[in-house]
Peer 1: 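This structure is in structure tokens; I'll ask about it shortly.
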Amino acid sequence: MKVRFKGKEYQAEGGSTVLDFLARMEGVEEDRLIAARLNGREVDLSSPLEEGSLELITWEDEEGKEIYRHTASHVMAQAVMELFPGTKLAVGPAIKDGFYYDFDLPEALSPEDLPRIEQRMEEIVQRDLPLRREVVSRGEAVELFRSLGQDYKVELLEEMEGEEVTLYRQGDFVDLCRGPHLPSTGRLRHFKLLSLAGAYWKGDETRPMLQRIYGTAFDKEEDLSAYLHFLKEAERRDHRRLGRELDLFSFHEEAGPGVVFYHPRGAVLRGIIEDFLKEEHRKRGYQMVVTPHLFRGRLWHESGHMDYYRENMYVFEKDGMEYVVKPMNCPGHVLIYKTRPRSYRDLPLKFFELGTVYRYERSGVLHGLLRVRGFTQDDAHIFCREDQLREQVEECLEFAFYSLRTFGFRDFEVFLSTRPEKSVGSDELWERATFALRDSLVELGIPFQVDPGEGVFYGPKIDVKLKDAIGRLWQGPTVQADFNLPERFNLQYTGRDNRPHRPVVIHRVVLAGIERFYGVLLEHYAGELPPWLAPVQVVVVPIADRHLDYANRVREALERAGIRVEVDDDRETVSMKVRRAQLQKIPFTLVVGDRETEGGTVSVRDRAGRDVRGVPLQEFTVKVAKMVEERVTTADWEG
RNA sequence: GCCGGUGUAGCUCAAUGGUAGAGCGUCCGCCUUGUAAGCGGUUGGUUGGAGGUUCGAUUCCUCUCACCGGCUCCA
């Protein structure tokens, strides 16, 4: 039979396996092979060869990593079964950067068990057990897993369609699995178990809680250590730690979870972000508004929030009246819209607010600044005609990208989220809104993915996710088209025809929740904020007491140029003061002693430790002021 | 909310049922200092909170709060 491989056609014998064939091919390293793609299907190396086209799957392919890690999850499952007899297996897929397996265990695992399990995995690797694929009828499989007491597998089988299923066996271990897999457990090289977690069976909180073990596996040792290094790096950048170390913000048990206290330095950074937003919105024709935090419940019934969002709202009663702490700003903006008749000539009308909202979040989900209960959005509502929708959405997206780039983010991923199950409004309205968003993205040439069912209850949305310095994605701007809100509140404008018309509302945020953005920003820069964002931009270090006067003159000169500067006048050594400034991640440290005092200069040390002496004060001031003005994203003194 | 873990001085962490400790920090001296820790002393704790077991609890048990890793949810 004929087999096509890498553009050439080969004659192959019947009855041979994929591996038999590949092993004979030029440039194929047998022990690097993971699986193969035969006529478009992913198959095991041990599969029988068929006529058609054959492609390699190696570690370099995404599928290769997946298969490799999926096998790792089977090895882990076998290890757990051996160590904890009676364990019931749930599911164990490969995920981004690793794998997990969910178990129903007779006892609770503790982190100390992970090394034991890892060790047993090593042994299984040593045994070099072949992974054998087996095709059986669904009935047989049900019988097998029932006899093994594997109830979850039985449940999975009962929900599956088709009459045949595949099993994979390695030694005594058997699992229901589509495959493919590595040819044998001996092929698994570098792996590590990372953490333990609870997880509901099928992600359903009404179903049993299982124990999940997360791990990762790599082909090469250096890739594993690079990944472990990445995890360390993420920990080093943890904004919660930076917030404490840099004295930016805190949380307090006595104040309740999920509400942030910004310290003086932290408030400076927040102020810079807010000033940026106010200025940019003003430039783009937004009108700033301010609305209260507390409304009567009535408004939220009208808006639909009480029906669709109540579990997230703080609702209480006073004087027999229902009140709501606002979880969103839209109803407030609508009230302002409705204070007078609007003409088509007023549109688009763009109301912007740094609106602080409170949303009840379940206690287990709170996470530093990234997930809080009280936060401020750079929220705007654009009231426009339907024919202006696309152009307005495009403007929003451009605004968002401009802002993110200014703050130093370069890479983005864009998602279009469609109608969720729990939602208001007719199919027709949803369709129109969804198409408007899609068209804007297409018009701007922005690549995007569709996220089905992930829209908000009142409309579809575009989400922009930003990639940080170490490649993690974070939720950023969103733009939502809403035909429902205008309907509910009976919003109108007078058209050219002197008749009432219904406007469309666009909800959009640029940096989104300021708290979340703040946290992401800290992690992105690992606390080493560029000069325009750094709460303290310069620390002046006088060498001895006699240099204090000059240090203060330097400070005043810098302050006159609008630079945020402090003098470290503690009676400490220069080394100590430099160290403190470095640990505080201050962009520039100026050491001043006799030479500087005489010459009217400063010694500049930047965060990277570069040290340039004898810089004229004037030159330093101008250069830093320029860095701030230009909002550069680094703080290197030279280069 | 659920599963697991953790809560000891401002921070990082010791103390396995028998009087709660270290380093750093704070404060006070001395040193007047040239680019990431000068020296000495001092201060600091209802061991997250409440209850229980015990002659005795940081340690064991129950409840509760907060935090951490996840699940679910989400800006």
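Order of the sequence lines sets the chain letters (A, B, ...), proteins ahead of strands, with each chain counted from 1. It should be emphasised that the depicted structure is a prediction, and the values quoted were computed from it without experimental measurement.
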Peer 1: I'd like to compare against my own output: the B/S/- annotation of nucleotides 11-16 of chain B with a strict under-4.0 Å heavy-atom distance to protein.
Peer 2: SS----
Peer 1: Are any of Lys202(A)'s side-chain N or O atoms less than 4.0 Å away from OP1 or OP2 of C71(B)?
Peer 2: no
Peer 1: Is the closest basic N to carboxylate O distance between Glu235(A) and Lys232(A) below 4.0 Å?
Peer 2: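 Lys232(A) and Glu235(A): not salt-bridged.
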Peer 1: To check you understand the geometry: which heavy-atom pair defines the closest contact between Val479(A) and Cys396(A), and what is its length?
Peer 2: CG2-CB, 3.9 Å
Peer 1: Do the numbers put Lys465(A) on top of the ring of Phe415(A), so that NZ or CZ is under 6.0 Å from the six-membered ring centre and no more than 45° off the axis?
Peer 2: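 Lys465(A) over Phe415(A) ring: yes.
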Peer 1: Rounded off to whole Å, could you give me the NZ-to-P distance for the Lys465(A) and A75(B) pair?
Peer 2: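 After rounding, the reported distance stands at 10 Å.
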Peer 1: Expressed in angstrom and rounded to an integer, what is the separation of Arg310(A) atom CZ from C73(B) atom C1'?
Peer 2: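 So the two atoms are 19 Å apart, to the nearest Å.
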Peer 1: Could you tell me how far G44(B) sits from G21(B) if I compare only their C1' atoms? Round to whole Å.
Peer 2: 13 Å
Peer 1: Looking at Arg579(A), Arg580(A), Lys577(A), which one forms a salt bridge (charged side-chain N to carboxylate O under 4.0 Å, His left out) with Asp570(A)?
Peer 2: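 Single pass found, and it is Arg580(A).
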Peer 1: Could you tell me how far apart Met328(A) (CE) and A75(B) (P) are, to the nearest whole angstrom?
Peer 2: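 So the CE-P distance, Met328(A) to A75(B), works out to 7 Å.
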Peer 1: Identify each atom pair where a protein N or O and an N or O of nucleotides 66-69 of chain B are less than 3.5 Å apart, giving names and distance.
Peer 2:
residue, atom, partner, partner atom, Å
A66(B), O4', Glu253(A), OE2, 3.4
C68(B), OP1, Arg240(A), NH1, 2.7
G69(B), OP1, Arg240(A), NH2, 2.9
G69(B), OP2, Arg240(A), NH1, 3.3
G69(B), OP2, His367(A), ND1, 3.4
G69(B), N2, Gly198(A), N, 3.4

Peer 1: Is the count of non-hydrogen atoms from other residues, nucleotides or ligands lying under 6.0 Å from Gln119(A) atom CD greater than 12?
Peer 2: no
Peer 1: If each of Glu454(A) and Pro111(A) is mapped to the nucleotide of RNA chain B with the nearest heavy atom, which maps nearer the 5' terminus, i.e. the 5' end?
Peer 2: Pro111(A)
Peer 1: Where does RNA chain B pair, written as one dot-bracket string 5' to 3', with Watson-Crick or G-U pairs under 3.5 Å, ( ) inside the strand, [ ] for crossing pairs and | for another strand?
Peer 2: (((((((..((((....[..))))..((((.......))))......(((((..]....))))))))))))....
Peer 1: Should Asp594(A) and Arg546(A) count as an ion pair when the cut-off is N to O under 4.0 Å?
Peer 2: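 Salt bridge flag = yes for Arg546(A) with Asp594(A).
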Peer 1: Contact class for Arg212(A) (heavy atom, under 4.0 Å): base, sugar-phosphate, or nothing?
Peer 2: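 If one applies the 4.0 Å heavy-atom cut-off, Arg212(A) turns out to touch the sugar-phosphate alone, with no base involved.
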Peer 1: Does Arg212(A) make a cation-pi contact with Tyr100(A), if we ask for NZ or CZ under 6.0 Å from the ring centre and within 45° of the axis?
Peer 2: yes
Peer 1: Examine Lys88(A) relative to Trp201(A) and say whether NZ or CZ is less than 6.0 Å from the centre of the six-membered ring and inside a 45° cone about the ring axis.
Peer 2: no
Peer 1: Using atom C1' of each nucleotide, how far apart are G49(B) and U58(B) to the nearest Å?
Peer 2: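 To the nearest whole Å, 14 Å.
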Peer 1: Taking the inter-plane angle between the rings of His305(A) and Tyr458(A) on a 0 to 90° scale, is it parallel (under 30°), tilted (30 to 60°) or perpendicular (over 60°)?
Peer 2: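 Judged by the thresholds at 30° and 60°, the geometry between His305(A) and Tyr458(A) is tilted.
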Peer 1: Rounded to whole angstrom units, what separation is found between the CD atom of Glu245(A) and the C1' atom of G25(B)?
Peer 2: 13 Å
Peer 1: Regarding Glu596(A) and Arg613(A), does a basic nitrogen lie under 4.0 Å from an acidic carboxylate oxygen?
Peer 2: no
Peer 1: Please determine whether any donor N or O and acceptor N or O are separated by less than 3.5 Å between the side chain of Arg371(A) and the base of C73(B).
Peer 2: yes
Peer 1: Using side-chain heavy atoms (C-beta onward) and a distance below 4.5 Å, is Met76(A) in contact with Arg120(A)?
Peer 2: no
Peer 1: Please measure how far the C1' atom in A14(B) lies from the corresponding atom in A22(B), and state the result in whole Å.
Peer 2: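 Going atom to atom, C1' in each nucleotide, I get 7 Å.
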Peer 1: How close do Arg207(A) and Tyr200(A) get, heavy atom to heavy atom, and via which atoms?
Peer 2: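 Taking Arg207(A) first and Tyr200(A) second, the nearest heavy atoms are O-CD2, 3.7 Å.
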Peer 1: Would you mind building the protein contact string for nucleotides 35-43 of chain B? One character per nucleotide, 5' to 3', B for base within reach (heavy atoms under 4.0 Å), S for sugar-phosphate only, - for untouched.
Peer 2: BBBB-----
Peer 1: Which value, in whole Å, describes the distance between the C1' atoms of nucleotides U59(B) and U19(B)?
Peer 2: 15 Å
Peer 1: Should the pair Arg270(A) and Tyr518(A) be classed as cation-pi, given the thresholds of under 6.0 Å to the six-membered ring centre and 45° from the axis?
Peer 2: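 No - Arg270(A) does not lie over the ring of Tyr518(A) by the 6.0 Å and 45° rule.
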Peer 1: Quick check on contacts: within residues 375-382 of chain A, what sits under 4.0 Å from RNA chain B by heavy-atom distance?
Peer 2: Phe375(A)
Peer 1: Kindly assign one of parallel, tilted or perpendicular to the pair His281(A) and Phe352(A), based on the angle between their ring planes and the thresholds 30° and 60°.
Peer 2: parallel
Peer 1: Specify the closest pair of heavy atoms between Glu353(A) and Asn329(A), including all atoms of both residues, with the distance to one decimal.
Peer 2: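 The pair with the smallest heavy-atom distance is OE1-OD1, 4.0 Å.
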Peer 1: At their closest point, which heavy atom of Ala557(A) faces which heavy atom of Leu617(A), and how far apart are they?
Peer 2: CB-CD2, 3.9 Å
Peer 1: Could you tell me whether Asp594(A) contacts a base, only the sugar-phosphate backbone, or nothing, with contacts defined as non-hydrogen atoms closer than 4.0 Å?
Peer 2: base
Peer 1: Would Lys461(A) and Asp463(A) pass as an ion pair if we require N to O under 4.0 Å?
Peer 2: yes
Peer 1: Is the shortest distance from a Lys or Arg side-chain nitrogen in Glu395(A) or Lys350(A) to a carboxylate oxygen in the other one below 4.0 Å?
Peer 2: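 Here Glu395(A) pairs with Lys350(A) in a salt bridge, since their nearest N and O are under 4.0 Å apart.
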Peer 1: Specify the separation, in whole Å, of atom CG of Asp570(A) and atom C1' of G29(B).
Peer 2: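 Roughly 15 Å, once rounded to whole Å.
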Peer 1: Please give the distance between the C1' atoms of U42(B) and U46(B) as a whole number of Å.
Peer 2: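 Straight-line distance between the two C1' atoms is 23 Å.
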Peer 1: Take atom C1' in C67(B) and the same atom in U8(B), then report the distance between them in whole Å.
Peer 2: 15 Å
Peer 1: So His252(A) and Phe261(A), ring-ring contact (aromatic ring centres under 6.0 Å, His included) or not? Walk me through it.
Peer 2: CA-CA 8 Å; His252(A) 299 274; Phe261(A) 291 77; 4.8 Å; yes
Peer 1: Between Asp247(A) and Arg265(A), does any NZ, NE, NH1 or NH2 come within less than 4.0 Å of an OD or OE carboxylate oxygen?
Peer 2: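 Not counted as a salt bridge, because no side-chain N and carboxylate O are separated by less than 4.0 Å.
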Peer 1: Give the residues of residues 535-553 of chain A touching RNA chain B, defined as any heavy atom closer than 4.0 Å, sorted by residue number.
Peer 2: Ile543(A), Ala544(A), Asp545(A), Arg546(A)
Peer 1: Using atom C1' of each nucleotide, how far apart are G18(B) and U54(B) to the nearest Å?
Peer 2: 12 Å
Peer 1: Mapping Lys577(A) and Gly513(A) to their closest nucleotides on RNA chain B, which lands nearer the 5' end?
Peer 2: Lys577(A)
Peer 1: Which is true for Gly593(A) with a 4.0 Å heavy-atom rule: it touches a base, it touches only sugar-phosphate, or it touches nothing?
Peer 2: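 Base, at least one base atom sits under 4.0 Å.
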Peer 1: Using 30° and 60° as the class limits, which term best fits the ring planes of Tyr101(A) and Phe103(A): parallel, tilted or perpendicular?
Peer 2: parallel
Peer 1: Output yes when at least one side-chain N/O atom of Tyr200(A) is less than 4.0 Å from OP1 or OP2 of G1(B), else no.
Peer 2: no
Peer 1: Between G48(B) and C65(B), how many Å separate the two C1' atoms, rounded to a whole number?
Peer 2: 7 Å
Peer 1: Using atom CD of Glu361(A) as one end and atom P of C73(B) as the other, report the distance to the nearest whole Å.
Peer 2: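 Going from Glu361(A) (CD) to C73(B) (P), I get 13 Å.
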Peer 1: In whole Å, what is the span from the OH atom of Tyr360(A) to the P atom of A75(B)?
Peer 2: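 In whole Å, A75(B) P and Tyr360(A) OH are 17 Å from each other.
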Peer 1: Expressed in angstrom and rounded to an integer, what is the separation of Gln475(A) atom CD from C73(B) atom P?
Peer 2: 15 Å
Peer 1: How is Val372(A) classified with respect to the nucleic acid when contacts are heavy atoms under 4.0 Å: base, sugar-phosphate, or nothing?
Peer 2: base
